[in-house]
Each structure stands twice: as C-alpha cells, then as structure tokens.
Amino acid sequence: RRIGLERQRHRAGGIGTERQYPRSVAAARCARMQFLQALVQFRIPFKGGLLAYLAGTVIYVMATTSLGLLASTLTRSQVAAIAGTAIATMIPAIQYSGVIDPVSSLHGLGKLIGSVYPTTHYLTISRGTFANALNFGDLLGAFWPLLLAVPVLTLLSWLLLKKQEA
C-alpha cells in the first residue's frame with residue numbers, strides 16, 4: 001500500500017511540475033514585455049546587471065508558480081485555486097514585501113511575512129538592478145531566499161498532495 005502511495009505521489013508530482021513549466025514560460029514572457037515596456041515606453045534607465053535581473057526574474061517566476069502549485073494542492077477546484085492564489089499572493093505582496101513600507105519598518109508577523117515572501121526579494125533585485133546599478137555579487141542576499149523558495153514550495157505541494165483516483 002505504501003509503495004502505491006509513493007507511485008501516486010511521484011506521478012502526481014510529475015504532473016504538477018509539468019503543468020508548472022508552461023505557466024513559468026508564459027510568466028517569463030510577460031516579464032520580458034514589462035521589462036521592455038519600462039525601457040521603451042516609460043524610458044526608465046537600466047543601470048545594473050542584466051544577467052542578475054534576468055536570473056532573478058526567472059527564479060521569481062518559478063517561485064510564484066510553485067506558490068500557485070501549492071494553492072492548487074490545498075483546494076478542490078481550479079477556480080478556488082485561482083481565487084485563493086490571487087488573494088493569498090496579492091495581499092502579502094502589497095502589504096508586507098516593501099511595495100508600500102520597507103520591510104525593515106515592519107514589526108512582528110508583518111516583518112516575518114515580509115522576510116520570507118518571494119516578492120520582497122524580487123523587489124530588492126529589481127530595484128537594485130534598475131535604480132542602483134547592482135550586480136549578482138551585490139544581490140546575493142536577495143537571491144538565496146528566492147532559490148530556497150522554489151524547492152521548498154514544490155516539496156510542500158508534493159507532500160500535501162492528496163491521493164488522487166486513477
């Protein structure tokens with residue numbers, strides 16, 4: 001019986017990551033368009049390391065799709081997963097990641113959420129490369145939490161995945 005559950009988890013985990021790939025590609029395309037829009041339409045100068053920015057964007061996209069994968073394992077329907085993910089990601093992203101107030105000025109639970117939430121670290125990478133001419137070496141502290149978020153969220157999704165009927 002345990003072997004059957006492990007096989008089911010392996011199959012379901014494979015399907016989940018297979019579903020994650022096209023969403024990651026689509027999100028990366030959107031990020032590319034936003035980058036070009038910032039440069040061309042809004043004429044925002046890019047001062048930092050392009051490779052650092054692109055790597056941060058790809059890792060952030062993988063982290064956010066992993067968060068969506070986690071939401072889909074916790075809900076019964078795709079509609080609930082989409083709605084839940086929208087609410088559960090937008091509120092922390094706006095309130096606790098440094099968009100409105102710096103994370104360093106937050107206290108208690110807000111500071112904890114801000115310090116572990118992927119958007120916080122991507123904002124540091126994005127702002128650092130666009131406005132402050134920072135490169136990989138300057139932004140390593142923001143890359144590590146993003147790199148850690150992807151396998152942690154994916155593993156958590158896999159562990160919480162309920163056994164599905166064949």
Side-chain angles (χ1 to χ4, degrees), residues 16-75 78 80-158:
T17 53
E18 288 169 6
R19 288 182 181 171
Q20 188 177 0
Y21 177 74
R23 288 166 178 83
S24 295
V25 170
R29 286 181 181 156
C30 289
R32 181 182 63 203
M33 293 306 296
Q34 290 172 344
F35 177 77
L36 292 173
Q37 185 178 24
L39 293 177
V40 176
Q41 184 178 357
F42 297 115
R43 294 187 176 108
I44 298 172
F46 186 80
K47 301 176 182 178
L50 181 61
L51 193 57
Y53 176 77
L54 294 175
T57 300
V58 168
I59 297 166
Y60 177 68
V61 162
M62 290 175 13
T64 56
T65 56
S66 296
L67 197 56
L69 185 63
L70 177 62
S72 70
T73 62
L74 298 174
T75 58
Q78 191 68 26
I82 291 169
T85 302
I87 293 167
T89 57
M90 292 305 292
I91 291 172
I94 293 168
Q95 293 293 324
Y96 305 116
S97 67
V99 172
I100 297 174
D101 298 314
V103 176
S104 60
S105 70
L106 301 175
H107 302 312
L109 185 60
K111 187 169 190 135
L112 177 66
I113 293 169
S115 63
V116 299
Y117 205 70
T119 305
T120 302
H121 307 290
Y122 181 67
L123 280 174
T124 301
I125 293 168
S126 181
R127 287 176 180 161
T129 54
F130 259 96
N132 299 330
L134 300 180
N135 291 308
F136 270 112
D138 305 313
L139 296 166
L140 280 177
F143 272 98
W144 288 117
L146 276 180
L147 285 168
L148 186 62
V150 176
V152 167
L153 291 169
T154 304
L155 179 64
L156 193 57
S157 300
W158 183 77

**Student:** Rounded to the nearest 0.5 Å, how far apart are CZ of Phe143 and NE2 of His121?
**Tutor:** 12.5 Å
**Student:** What distance separates Gln34 CD from Gln41 CD, expressed to the nearest 0.5 Å?
**Tutor:** 11.5 Å
**Student:** For residues Val61 and Ala27, report the shortest heavy-atom separation together with the two atoms involved.
**Tutor:** CG1-CB, 3.5 Å
**Student:** Side chains of Ser115 and Tyr96: any donor to acceptor distance under 3.5 Å?
**Tutor:** no
**Student:** Looking at Ser126 and Tyr53, what are the two nearest heavy atoms and their distance?
**Tutor:** OG-CE1, 3.9 Å
**Student:** Using every non-hydrogen atom in the two residues, find where Met62 and Thr65 come nearest and quote the distance to one decimal.
**Tutor:** O-OG1, 3.0 Å
**Student:** Rounded to the nearest 0.5 Å, how far apart are CD of Gln37 and CG of Leu39?
**Tutor:** 10.5 Å
**Student:** With rounding to the nearest 0.5 Å, note down the distance linking CG in Leu67 to OG in Ser157.
**Tutor:** 8.0 Å
**Student:** Show me the donor-acceptor pairs within less than 3.5 Å that the side chains of residues 132-139 make with the rest of the protein, sequence neighbours left out.
**Tutor:**
from   : atom 1 : to     : atom 2 : distance (Å)
Asn135 : OD1    : Gly49  : N      : 3.0
Asp138 : OD2    : Asn135 : N      : 3.0

**Student:** Could you tell me whether a side-chain N or O of Thr85 sits under 3.5 Å from a main-chain N or O of Ile82, the two making a donor and an acceptor?
**Tutor:** no
**Student:** How far does OG1 of Thr129 sit from CG of Leu51, to the nearest 0.5 angstrom?
**Tutor:** 11.0 Å
**Student:** Thr89 and Tyr117: side chain to side chain contact (heavy atoms under 4.5 Å, CB included), yes or no, with the steps?
**Tutor:** CA-CA 9 Å; Thr89 57; Tyr117 205 70; 3.3 Å; yes
**Student:** How many angstroms lie between CD1 in Ile113 and CD1 in Ile91, if you round to the nearest 0.5 Å?
**Tutor:** 10.5 Å
**Student:** Shortest non-hydrogen contact from Gly98 to Val103?
**Tutor:** N-CG2, 3.9 Å
**Student:** Begin with the C-alpha distance, continue with both residues' side-chain angles, and end with the deciding distance and a verdict on side chain to side chain contact (heavy atoms under 4.5 Å, CB included) for Ile125 and Leu146.
**Tutor:** CA-CA 10 Å; Ile125 293 168; Leu146 276 180; 3.7 Å; yes
**Student:** Shortest non-hydrogen contact from Thr119 to Ala93?
**Tutor:** OG1-CB, 3.9 Å
**Student:** Aromatic contact between Phe130 and Phe35, with the criterion being ring centroids under 6.0 Å apart: yes or no?
**Tutor:** yes
**Student:** Would you check if the side chain of Thr120 reaches a backbone N or O of Gly114 as a donor-acceptor pair within less than 3.5 Å?
**Tutor:** yes
**Student:** Considering non-hydrogen atoms only, spot the tightest contact between Pro102 and Ser105 and give its length.
**Tutor:** O-OG, 2.7 Å
**Student:** Would you please name every residue forming a side-chain contact (heavy atoms from CB on, under 4.5 Å) with Ala149, sequence neighbours left out?
**Tutor:** Ala63, Pro118, Leu153
